[in-house]
Amino acid sequence: SPLKGRLKYICIDMGWENQWGDWRCNRKFPETYKQVADEIRSSGFEPGIWTAPFEANIYLPLARHNRDLFALGADGEPVIVQGGGAMLLFDPTVPEVERMLADTFCQMRESGFTLFKVDYLYRQYIDMIARLHDSTLGKARAMRRFLEIIRGAIGEECHLLSCGAPQEIAIGLADSARSSGDIHNFWGHVRNN
């Protein structure tokens with residue numbers, strides 16, 4: 001690659017996953033985490049991977065059959081947001097959610113990924129939450145748990161890139177932050193309001 005020696009990371013971005021909330025490779029990436037990471041590394045780069053760990057697609061069996069894993073809105077129903085489609089928001093204070101999150105990121109780390117891009121931790125989504133499993137934590141503290149769990153799973157030696165998270169949630173945990181929208185090489189996606 002002409003970028004070898006000039007670029008450190010190659011990050012597999014949105015689209016590699018089976019569904020949001022089901023962080024397994026899909027038919028476009030039939031390899032295991034390890035095979036994908038090994039291929040990137042063998043090309044001379046550090047492997048990175050994108051996730052939206054706060055969200056689960058509403059059609060995911062987990063979302064349909066385990067409603068107690070999700071944060072609730074003022075109506076007592078799971079909060080639904082329009083991230084990459086209709087999504088439910090995981091409740092980071094539910095022990096099973098903590099275990100699932102830690103297991104997923106441990107597997108990714110053990111497979112060789114060293115850059116973790118975590119996206120869609122948006123303040124407007126956090127503001128929609130009215131009730132969490134552990135009511136002793138405020139919403140900001142509960143959301144910080146997401147990054148604490150991920151940091152614990154990947155270790156201090158990996159790079160954690162936070163996308164969209166309020167800075168007070170990510171400070172001291174994320175190594176870097178993207179605070180703007182995505183960057184494109186065309187402007188056709190921009191709408192005039």
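None of the values given here were measured: they were computed from a predicted structure.
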Peer 1: Could you go through the side chain to side chain contact (heavy atoms under 4.5 Å, CB included) check for F113 and I154 one step at a time?
Peer 2: CA-CA 9 Å; F113 287 99; I154 67 173; over 6 Å; no
Peer 1: OG of S111 to CD of Q35: how many Å apart, nearest 0.5 Å?
Peer 2: 10.0 Å
Peer 1: Would F105 and M100 show up in the same hydrophobic cluster when neighbours are defined by side-chain heavy atoms closer than 4.5 Å?
Peer 2: yes
Peer 1: Closer than 3.5 angstrom, by distance alone: can the side chain of D134 be matched with the main-chain N or O of T93 as a donor-acceptor pair?
Peer 2: no
Peer 1: Between the main-chain N or O of N18 and the side-chain N or O of R24, is there a donor-acceptor pair closer than 3.5 Å?
Peer 2: no
Peer 1: Give a yes or no on whether the backbone of I171 and the side-chain of R144 come within a donor-acceptor separation of less than 3.5 Å.
Peer 2: yes
Peer 1: Are the side chain of D175 and the backbone of L160 linked by a donor-acceptor contact shorter than 3.5 Å?
Peer 2: yes
Peer 1: Which atom names give the shortest non-hydrogen contact between R64 and I58, and what distance separates them?
Peer 2: CG-O, 3.6 Å
Peer 1: Salt-bridge test for E46 and R41: reply yes if a basic N is under 4.0 Å from a carboxylate O, no otherwise.
Peer 2: yes
Peer 1: Would you give the length of the straight line joining atom CG of L3 to atom CD1 of I10, rounded to the nearest 0.5 angstrom?
Peer 2: 6.5 Å
Peer 1: Within the structure provided, determine whether M143 and P92 are in side-chain contact (heavy-atom separation under 4.5 Å).
Peer 2: yes
Peer 1: Are L115 and Y120 connected in a single hydrophobic cluster, I mean Ile/Leu/Val/Met/Phe/Trp/Tyr linked by side-chain heavy atoms less than 4.5 Å apart?
Peer 2: no
Peer 1: So do I126 and P166 actually touch side chain to side chain, heavy atoms under 4.5 Å?
Peer 2: yes
Peer 1: Could you report the tightest heavy-atom contact between P47 and G112, atom names first, then the distance?
Peer 2: CG-O, 3.2 Å
Peer 1: Let me confirm one number: the CD-CD1 distance from E98 to I149, rounded to the nearest 0.5 Å.
Peer 2: 4.0 Å
Peer 1: Restricting to non-hydrogen atoms, name the atom on K117 and the atom on C11 that form the minimum distance, rounded to 0.1 Å.
Peer 2: CB-SG, 4.2 Å
Peer 1: What is the minimum heavy-atom distance between G15 and N26, and which atoms define it?
Peer 2: O-ND2, 2.8 Å
Peer 1: Taking side chain as C-beta onward, heavy atoms only, is Q19 less than 4.5 Å from M87?
Peer 2: no
Peer 1: Identify the heavy atoms of E55 and W20 that sit nearest to each other, and give their distance.
Peer 2: OE1-CZ3, 3.4 Å
Peer 1: Can I get a per-line list of side-chain donor-acceptor pairs under 3.5 Å for residues 67-81, giving both atom names and the distance, sequence neighbours left out?
Peer 2:
unit_1: R67; atom_1: NH1; unit_2: E77; atom_2: OE1; d: 3.4
unit_1: R67; atom_1: NH2; unit_2: E77; atom_2: OE1; d: 2.6
unit_1: D75; atom_1: OD1; unit_2: E77; atom_2: N; d: 2.9

Peer 1: Apply side chain to side chain contact (heavy atoms under 4.5 Å, CB included) to R145 and L101, showing your working.
Peer 2: CA-CA 11 Å; R145 282 291 301 140; L101 191 61; over 6 Å; no
Peer 1: Search all heavy atoms of A170 against all heavy atoms of A165 and return the closest pair with its distance.
Peer 2: CB-CB, 4.5 Å
Peer 1: Give me the ring orientation class for F54 and Y125: parallel if the planes are under 30° apart, tilted from 30 to 60°, perpendicular past 60°.
Peer 2: tilted
Peer 1: What distance do D91 atom CG and I129 atom CD1 have between them, rounded to the nearest 0.5 Å?
Peer 2: 7.0 Å
Peer 1: Given the rule that I, L, V, M, F, W and Y join up when any side-chain heavy atoms are under 4.5 Å apart, are L121 and L137 in one cluster?
Peer 2: no
Peer 1: Ignoring hydrogens and geometry, is there a side-chain-to-backbone donor-acceptor pair from W16 to W50 under 3.5 Å?
Peer 2: yes
Peer 1: Are any non-hydrogen side-chain atoms of E110 and K34 less than 4.5 angstrom apart?
Peer 2: no
Peer 1: Does some side-chain heavy atom of F146 sit less than 4.5 Å from a side-chain heavy atom of I169?
Peer 2: no
Peer 1: Output yes when a side-chain donor or acceptor of S162 lies under 3.5 Å from a complementary backbone atom of A177, and no otherwise.
Peer 2: no
Peer 1: Evaluate the side chain to side chain contact (heavy atoms under 4.5 Å, CB included) criterion for residues T51 and T104: first the C-alpha distance (whole Å), next the side-chain angles of each, then the deciding distance (0.1 Å), finally the verdict.
Peer 2: CA-CA 10 Å; T51 59; T104 296; 5.7 Å; no
Peer 1: Can you get from V97 to L60 by hopping between Ile, Leu, Val, Met, Phe, Trp and Tyr side chains that sit under 4.5 Å apart?
Peer 2: yes
Peer 1: Output the distance between atom CG (D119) and atom CG (D13), rounded to the nearest 0.5 Å.
Peer 2: 7.5 Å
Peer 1: Which is it for F116 and I49 under the side chain to side chain contact (heavy atoms under 4.5 Å, CB included) test, yes or no, and what are the steps along the way?
Peer 2: CA-CA 5 Å; F116 296 86; I49 194 161; 3.9 Å; yes
Peer 1: In this structure, would L161 and I12 fall into the same cluster of hydrophobic residues linked by side-chain contacts under 4.5 Å?
Peer 2: no
Peer 1: Output the distance between atom CG (N57) and atom CG (D22), rounded to the nearest 0.5 Å.
Peer 2: 9.5 Å
